[in-house]
There are 2 protein chains.
Amino acid sequence: MMGLPIYLQIVEDIKEKINSGELKPGDPIYSENTLCKNYNTSRMTVRKGLAILANEGYIYSIPGKGNFVQEPDSSIYTLYYDEMNNLINSVDKTKLLEVNIIMPPYKLIDSLQITKNKKVIMIRRLFYTDEEPVAYDVKYLPYYKGMPIVEKEIRYATFPEMVSKNTSLFAIRKELVISVQMPDEELSKYLNIYNAELPLMVIEQKLYDMDNKPMGLGITYFRGDYCKLYAEASFFKDKAVQENRNMMRQ
Amino acid sequence: MMGLPIYLQIVEDIKEKINSGELKPGDPIYSENTLCKNYNTSRMTVRKGLAILANEGYIYSIPGKGNFVQEPDSSIYTLYYDEMNNLINSVDKTKLLEVNIIMPPYKLIDSLQITKNKKVIMIRRLFYTDEEPVAYDVKYLPYYKGMPIVEKEIRYATFPEMVSKNTSLFAIRKELVISVQMPDEELSKYLNIYNAELPLMVIEQKLYDMDNKPMGLGITYFRGDYCKLYAEASFFKDKAVQENRNMMRQ
DNA sequence: GAGTGGTCTAGACCACGAT
DNA sequence: TCGTGGTCTAGACCACTCT
């Protein structure tokens with residue numbers, strides 16, 4: 001464990017104290033000047049370590065007072081979601097049911113924040129795995145010049161990809177709402193559901209631009225037996241140390 | 001916009017270039033020395049800005065080569081999940097159905113990585129909202145000394161809280177698997193489901209300690225009409241700038 | 001006034017990549 | 001060899017909190 005840069009030693013030592021419970025949420029950390037003396041190093045180096053701890057959610061600082069152990073937020077997870085791939089399934093084929101420019105129905109005017117005369121692109125697709133339909137997918141995008149209405153551009157595109165023809169992916173905010181419902185007649189038909197006992201995982205996706213104006217609404221209805229989502233949370237990934245180890249291994 | 005520290009000006013300027021599409025994934029950033037000259041500042045200040053950009057996923061650096069615009073990972077979201085609260089519902093009462101120390105059934109031996117003689121605490125609860133049952137919840141924890149088997153400690157505790165009696169919350173890794181299913185007879189009874197058309201949102205929660213040893217398995221079966229999950233993703237939260245504005249406002 | 005964190009400087013040495 | 005990023009120093013000034 002020697003050979004670690006000083007700032008990472010500080011990170012590790014303080015993490016160890018927090019993980020072991022020696023330091024509890026709300027407790028003060030040694031002051032920066034004290035840490036300088038303890039590690040016989042300069043303040044910038046100490047601060048680099050503390051910045052990492054703050055960034056990973058371990059500590060926070062109050063100017064004029066000190067650094068303190070953060071209360072961990074146990075309700076935040078990292079969710080991995082890709083329309084075409086989930087824990088138990090990968091879409092290997094899609095079928096374009098419809099691409100149309102429509103006048104927005106009442107519901108859309110509201111959720112896309114547009115006027116009733118603004119044209120909207122509607123895209124309806126079916127996703128397949130091994131020739132089985134696994135999801136039904138509808139997307140609505142306010143129509144702007146240069147929008148993709150070319151079939152081959154749309155066919156295999158995920159929602160962010162469709163929108164990013166015009167906008168940098170960095171400039172998009174995305175929202176997901178995950179719910180459960182039973183298929184109606186139409187969905188049952190599309191998804192080959194003859195058995196009334198098969199529920200759907202419904203994922204609503206909304207994209208916004210940097211000014212928080214809606215750029216698109218998508219709803220994907222997955223057959224329940226083809227959709228499992230995965231999320232995780234952990235404080236002790238030790239990204240910095242991990243990377244350092246990787247670098248030193250080479 | 002003046003009054004921003006130099007390192008945040010650098011962050012903002014480069015973000016603007018990336019968000020607008022002027023800089024695309026893979027493109028090199030000005031070298032650190034060039035930025036020093038451009039902003040008439042020292043290298044540590046430039047590097048502080050670049051560190052923020054790297055941390056927020058905008059750029060990455062290759063030692064000896066330079067800093068480059070990162071390809072954004074569009075399949076990562078932040079999910080907010082708390083057993084007792086979701087988008088459309090808050091649990092206001094719980095009922096303890098059973099707390100027992102059991103010998104693990106076959107399935108648990110595997111997923112908790114224990115021997116068949118290791119005792120396991122089983123906790124079964126019902127969650128209520130407005131006197132209506134909204135979720136059925138089972139948890140399994142390998143039994144160690146000091147484990148909570150006192151009713152009042154368990155009653156309103158979320159899963160991480162149960163485990164954190166012994167361990168710092170920081171030292172826990174959590175995994176969620178979200179799926180959909182129909183209720184069986186037992187679940188229908190517990191959740192007052194007389195209508196066969198009501199599916200369940202099933203959330204499996206697994207906790208691990210720092211050595212990746214399982215510390216607990218929990219499964220929560222939500223009535224579909226009482227559970228919606230929310231997740232979001234955005235690059236341009238501008239946490240640092242936001243905080244700076246807040247500080248300057250005061 | 002003493003201590004704290006926030007910002008910043010003007011250097012330094014290193015390992016690495018390109019040439 | 002020269003430019004790059006990674007680490008680090010020994011100071012500085014500021015605004016803030018505490019007493």
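So that the names make sense, note that chain A is the first sequence line, chain B the second, and so on, each numbered from 1. Treat the numbers as computed from the prediction; the structure is a model and nothing was measured.
At least one side-chain nitrogen or oxygen of A/Tyr7 sits closer than 4.0 Å to the OP1 or OP2 atom of D/dT7. Neither OP1 nor OP2 of C/dG5 sits under 4.0 Å from any side-chain N or O of A/Lys65. Residue B/Asn67 places none of its side-chain N or O atoms closer than 4.0 Å to OP1 or OP2 of D/dT4. Contact between the side-chain N/O atoms of A/Lys48 and the OP1/OP2 oxygens of D/dT7 is found at a separation under 4.0 Å.
Residues satisfying the side-chain contact (heavy atoms from CB on, under 4.5 Å) test with A/Lys48, not counting sequence neighbours, are A/Tyr7, B/Arg47. Residues forming a salt bridge (charged side-chain N to carboxylate O under 4.0 Å, His left out) with B/Glu175 (at least two apart in sequence, or on another chain): B/Arg173. For A/Ala51, there are no side-chain contact (heavy atoms from CB on, under 4.5 Å) partners, not counting sequence neighbours. Under the salt bridge (charged side-chain N to carboxylate O under 4.0 Å, His left out) criterion, A/Lys139 pairs with A/Glu83, A/Asp137, sequence neighbours left out. Checked against side-chain contact (heavy atoms from CB on, under 4.5 Å), B/Phe68 has the following partners two or more places apart in sequence or in another chain: B/Pro28, B/Tyr60, B/Ile62, B/Lys65.
Taking the ring axis of B/Tyr77 as reference, the NZ or CZ atom of A/Lys174 stays within 45° of it and closer than 6.0 Å to the ring centre.
Summarising the geometry, the separation between CD1 on B/Ile52 and C1' on C/dC8 is reported as 14 Å, rounded to the nearest angstrom. B/Arg47 places its CZ atom 8 Å from the C1' atom of D/dT7, with the value rounded to the nearest Å.
Comparing D/dT7, C/dT7, D/dC8 by their nearest atom to the side chain of A/Ile6 picks out D/dC8.
Within residues 27-45 of chain A, the residues approached by DNA chain D to less than 4.0 Å at the level of any non-hydrogen atom are A/Asn40, A/Thr41, A/Ser42, A/Arg43, A/Met44, A/Thr45, in residue-number order.
Using a 4.0 Å heavy-atom distance criterion, A/Ile62 is classed as a sugar-phosphate-only contact.
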